[in-house]
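Everything below concerns the one structure shown next.
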Amino acid sequence: MGMRFEAVDTKASFPDLEREILAFWNERDIFRASLAQREGAPLWMFYEGPPTANGKPGVHHVEPRTFKDVYPRFKTMTGHFVPRKGGWDCHGLPVELEVEKEIGTTGKRDIEAFGIAAFNARCRESVRRYVGDFERLTERIGYWVDLDEAYWTMAPGYVESVWWSLKSLFVAGLLQEADKVTAYCPRCGTALSDAEVAQGYRTVEDPSVFLRFPIVSAPQADLVGTSMVVWTTTPWTLPSNTGVAVDPDADYVEVSLDGERLIVAAPLREAVLGDGGTDVRRFAGTALVGARYEPPYANVEGAHSVVAGGFVTMDDGTGIVHLAPAFGAEDLAVGRAQNWSVHKPVGDDGRFTELAPAFVRGLFVKDADPKIVEDLRERGVLLRSGTYEHSYPFCWRCKTPLLYYARTSWYVRTTQVKDRLLAVNDDVHWYPEHIKRGRYGNWLENNVDWALSRERYWGTPLPIWRCDRGHLRAIGSLTELGELAGRDVSDVDPHRPAIDEVTFPCPECSDESRRVPEVIDAWYDSGAMPFAQWGYHPDLGRGIDEFERHFPADFISEAIDQTRGWFYTLMAEGVLHFDSTAYRNVVCLGHIIAADGRKMSKSLGNIFDPWEALDRQGADALRWFMITNGSPWASRRIGHEVLDDVVRRFLLTVRHVHAFFVTYAEADGFDPSSPAPPVVERPVLDRWVLSQLAGTAREARDGLDAYDATGAGRRIERFVDDLSNWYVRRSRRRFWNPGGEAERDAAAAFHTLYECLVTLSALLAPFTPFIADTIWRNLAAGRDGHPESVHLADYPSGDEFAIDGDLDAAMRAARSIVGLGRTVRTETKTRVRQPLAEAVVHLPGSHEGLGPLLDVVADELNVRRVVFAESAASFGRWHAKPNFKALGPRLGARVQEVAAALAADEGDLAGALAAGESISVPSSGGEVSLGPDDVDLSHDVREGWGVASDAGITLALDLHLTDDLRTEGVARELIRAIQDARKAAGLEVADRIQLGVEAGPSVSDAFARHRETVANETLAVDVIHGEVEGPAVEATIDDELVRISVRRADYASPADA
RNA sequence: GGGCCUGUAGCUCAGCCCGGUUAGAGCGCUUCCCUGAUAAGGAAGAGGUCGAUGGUUCAAGUCCAUCCAGGCCCA
């Protein structure tokens, strides 16, 4: 005998087993081995989207990391070389905020007091620490990615590569400085990119105020004395009001109300003023243009007039739009055109400055709103105030309301390459597909220039040096910088503040050039990973080969929020630098939300800690949940209950099959290298399960090839259920090999189940890599040339065994029949242990394929024989209903007439159909001929029989009990009771026993007549009437008290010798 | 205001692309059965206006239109 199988502990904790497998992977370096053995194979490139190491990883990191593992593992197993370089996003505001929390700073002034060098050192340290947390989680969930060779966006080589790219943008005129109104976070003290703004919209209530702007002069003199009604939700911008805009083509109306003359746009008259007052006259907006009004707060000389604006809408407000050029994009454009100077009474910290009215100075602008409203009320400027609910952007990290500020920032001119972005996106495969033209496509269509600079500290320094005269120079590397500076700076850390200290004489004018103060958007860093992860730098001759070989990626996967983030920056930089997409296939995932259906947040206290799940249910459970539960692109709720369910329903089922096999294989001494009976010669159940296995393998493979891991996983789940709850259940006793005649059958069963388990292990390997390897290592590793880990094996192709469609269909029918039989037994309260004489089956079409399965059906139903109904005689009255799918297309509306005719049938027509004959029924279009396939048949119950039917299949059970049947039923009850006694006595499955039975006449008679069966089933080598020395149990069978005693026999029966 | 996704049993979700008259699964609940894989398995039951309305069709959970609600995103 060869190697033994190790007993499966059905009580072992999955997390413990997973830790054992992890230790094995580590010790044998299986990940590297899996890569090494595919070296030279076709490359299938994966890019790791770097998580930002600004906090402990959460369960929302497990989701993408699961998918980022499944496909590369699968591709590796299908013969591809899949390098997996890890990566960490190190820079950016999130990291700074985390450090700010640690050291208790609340703004830029504090940070500068703390010292930029010390602050950035803290940032670096924080990143290192959290990367450690990520590494532990990554390993624990079995996400195979090369952590040793991971790229870090803060590494000098990475930064230099980014510099190279920025310099090339600058040289091409695609990186420019511009004055624009941008969303600005006053707390963080920096402008935000559109992508960042997009992440922070929240619905809020803001003040809604309607104001009087009295006209003091106008081209049409009779307008003097009227007041324009102006609306705003940002009272704090009113001290900066410099003008108003109207739509010159729209109608405006003068309303006389409570002695006032008010002007609003005609379409908004009712919304603003209700139906009070009277309309005095209407006129076009042009009439207002050029009028001057008395502003709520005086500021800029010569302004405060009405201009025409194409952006004025009649959607909300009054049609007369308040303009504050310091705080709005359109406002700024108008102000420039009008030559108004910008009045900005607000500092970078979001507080009013000396330029503001005295009563709000020093206040945060949003906090000043009530005071301003009150002031306007007192001065009679306020017409009406209330609140207005709308969505307003907040800083995505610190939740401070964003302010729109006119500021100078650096932009990447992505609008210049918008057409290329759209063209390139055309060739990208999105999963799910709707993202491509939907959310992502829309985003590209609405592309605006990328606000790149950040007035912060911890980031890639913007590599642009400027002299006092404003000459600009972009620097592509430390080498280049050193040449200009006239000293070696190759050891200088390319971060603030060290890099800021490197200056050089301006090549144009010799004035001192200093680096501009900004760092860049960290999203640019991660978008640069296709080249920067290799330190790509053509000027320095670095990383060129690595980059070119590995660009673009075949596969990336992240959650849906990355449409505006990494998916975009990756593609934008791909197009900007290489005129190419950076990826070919994207799997886009939904979000994981809390069990209560809400977003996880600390304040709600509904955070789901992945480690808790990893310690309770384990990584396989978590992974299987991520892959098979719900739609990956929809948001999904996670909680311990659903994970427990995964364990119970799926993982434990897999384990039980494994354990069952090992138990019996060990008992029998099964050796998988023993010659396997040819599949065609195996019993029908074996051929069926192998056909299922082949179909599952094929569908799993096709699913994974099509990036449908969910469909693939669910198919495997169905197979596991078939394997466990049909194949093993039906085959159970075949594994108890008594030798002799049964030898060959047992061999077929063992080989079949072995093949199923080994193949299943490989099928599961990408999904649940732990339990897959547990099974593989026990059953396959080291045998028959199999590698030591399933992750070094090939993915099953489905060609190993034949798919037999006819057999599959026949088994489906057989299982329906069994289900019907159970229904009948339940309904007629006939216990399954009671044998019955006959089951009669009727089903549409040919029943040829079912023939070989009748034994299975008979056994499962515990009937002596199963026969096909030759005629309706076996049943009661028949009913026929049209098979609409068949008849509908043929008959159209007349199908309803046929339905009526069949409903009126007394049983003759249906009976004829049940007998396989054709009939004809009248209809408005003439006689319609119907064959058995054109109808679904059902029937009435017949006296003494139990009948059930479903989907055209009908089953009748003969419930008449003969003495013979009854006795056998009693014997079965006795067997059952003895098995209970064995269990109660704590005996092993294979233990032989001495058996004592004391019973009344009925049971004794049954025992006598079925003595051999009872002894065989219960492994009794010695049977006596009376009692043996050992544990005894009592049972009631057939209304008689039975006393059963068992005792382990210390010798085997002669048959085993 | 616009885009996309989602809406099916108490809960979690299939089914919808490709229409067929009895809408499924798991969990939970009730009753029962079975049991040497047993932290399983099976049957029955309660529980569904398949978000709403209208349309197409002999036939709509499924196709079309409009609307409603939730989510994400954009403005």
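In this text the structure is predicted, and so the values were computed from the model without any measurement.
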query = Nearest of A39(B), C73(B), A14(B) to any side-chain atom of Arg564(A)?
reply =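 Looking only at side-chain atoms, Arg564(A) lies closest to C73(B).
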task = Give the nucleotide from the list G36(B), A14(B), A39(B) with an atom nearest to the side chain of Tyr664(A).
result =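 Nearest to the side chain of Tyr664(A) among the choices is G36(B).
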When the distance from [atom1] of [X] to [atom2] of [N] is rounded to whole Å, what number comes out?
{"X": "Asp708(A)", "N": "A14(B)", "atom1": "CG", "atom2": "P", "answer": "12 Å"}
{"X": "Trp624(A)", "N": "C13(B)", "atom1": "CH2", "atom2": "C1'", "answer": "16 Å"}
{"X": "Asp9(A)", "N": "A39(B)", "atom1": "CG", "atom2": "P", "answer": "12 Å"}
{"X": "Phe650(A)", "N": "U12(B)", "atom1": "CZ", "atom2": "P", "answer": "23 Å"}
{"X": "Tyr568(A)", "N": "C72(B)", "atom1": "OH", "atom2": "C1'", "answer": "20 Å"}
{"X": "Asp668(A)", "N": "G36(B)", "atom1": "CG", "atom2": "C1'", "answer": "17 Å"}
{"X": "His656(A)", "N": "A39(B)", "atom1": "NE2", "atom2": "C1'", "answer": "7 Å"}
{"X": "Leu652(A)", "N": "G41(B)", "atom1": "CG", "atom2": "P", "answer": "10 Å"}

Integer angstrom distance from the [atom1] of [N] to that of [M]:
{"N": "U6(B)", "M": "U62(B)", "atom1": "P", "value": "14 Å"}
{"N": "G26(B)", "M": "C17(B)", "atom1": "P", "value": "25 Å"}
{"N": "G10(B)", "M": "G71(B)", "atom1": "C1'", "value": "22 Å"}
{"N": "G48(B)", "M": "U12(B)", "atom1": "C1'", "value": "16 Å"}
{"N": "U22(B)", "M": "C29(B)", "atom1": "C1'", "value": "24 Å"}
{"N": "C50(B)", "M": "G61(B)", "atom1": "P", "value": "7 Å"}
{"N": "U30(B)", "M": "U66(B)", "atom1": "P", "value": "47 Å"}
{"N": "G15(B)", "M": "C4(B)", "atom1": "C1'", "value": "22 Å"}

message = Within this structure, what is the CG-CZ distance for the pair Leu622(A) and Phe14(A), rounded to the nearest 0.5 Å?
response =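 Reported to 0.5 Å precision, the distance equals 14.0 Å.
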inquiry  = So which atom in Ala700(A) and which in Ala712(A) form the shortest heavy-atom distance, rounded to 0.1 Å?
reply    =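 Reported closest heavy-atom pair: O-CB, 3.5 Å.
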inquiry  = Quick one about Thr696(A) and Arg715(A) (side-chain donor to acceptor, distance below 3.5 Å, no hydrogens or angles considered), yes or no?
reply    =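 Yes, side-chain donor-acceptor contact under 3.5 Å.
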Determine yes or no for a side-chain-to-main-chain donor-acceptor pair under 3.5 angstrom, with [X] supplying the side chain and [Y] the backbone.
{"X": "Asp722(A)", "Y": "Val689(A)", "result": "no"}
{"X": "Asn778(A)", "Y": "Glu6(A)", "result": "yes"}
{"X": "Thr710(A)", "Y": "Ile627(A)", "result": "yes"}
{"X": "Arg655(A)", "Y": "Ala12(A)", "result": "yes"}
{"X": "Glu666(A)", "Y": "Phe5(A)", "result": "yes"}

With a 4.5 Å cut-off on side-chain heavy atoms, are [Y] and [X] touching?
{"X": "Val657(A)", "Y": "Val720(A)", "result": "no"}
{"X": "His429(A)", "Y": "Tyr707(A)", "result": "no"}
{"X": "Leu651(A)", "Y": "Trp624(A)", "result": "no"}
{"X": "Met571(A)", "Y": "Val428(A)", "result": "yes"}

Measure all distances between protein nitrogen or oxygen atoms and nitrogen or oxygen atoms of nucleotides 25-27 of chain B, and list the pairs falling under 3.5 Å.
residue, atom, partner, partner atom, Å
G26(B), O2', Asp645(A), OD2, 3.3

query = Taking a pair as Watson-Crick (N1 to N3 plus N6-O4 or O6-N4) or G-U wobble (N1-O2 and O6-N3), both under 3.5 Å, which stems of 3 or more consecutive pairs involve RNA chain B?
reply =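 Looking at RNA chain B, the stems formed by three or more consecutive pairs are B:1-7 with B:68-74, B:10-13 with B:24-27, B:29-33 with B:41-45, B:51-55 with B:63-67.
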task = Assess whether side-chain contact (heavy atoms from CB on, under 4.5 Å) is satisfied between Cys588(A) and Phe567(A), documenting all intermediate values.
result = CA-CA 9 Å; Cys588(A) 189; Phe567(A) 293 152; 3.8 Å; yes
ask   = In terms of the nearest nucleotide of RNA chain B, which residue is placed more toward the 5' end: Ala12(A) or Arg714(A)?
value =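 Taking each residue's closest nucleotide, the earlier one in sequence belongs to Arg714(A).
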query = When you match Phe625(A) and Phe660(A) each to their closest nucleotide on RNA chain B, which lands nearer the 5' end?
reply =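 The answer here is Phe625(A).
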Sort me out a list of protein N/O and nucleotides 55-62 of chain B N/O pairs below 3.5 Å, or just none if empty.
residue, atom, partner, partner atom, Å
C58(B), O4', Ala893(A), N, 3.4
C58(B), O2', Gln896(A), NE2, 2.7

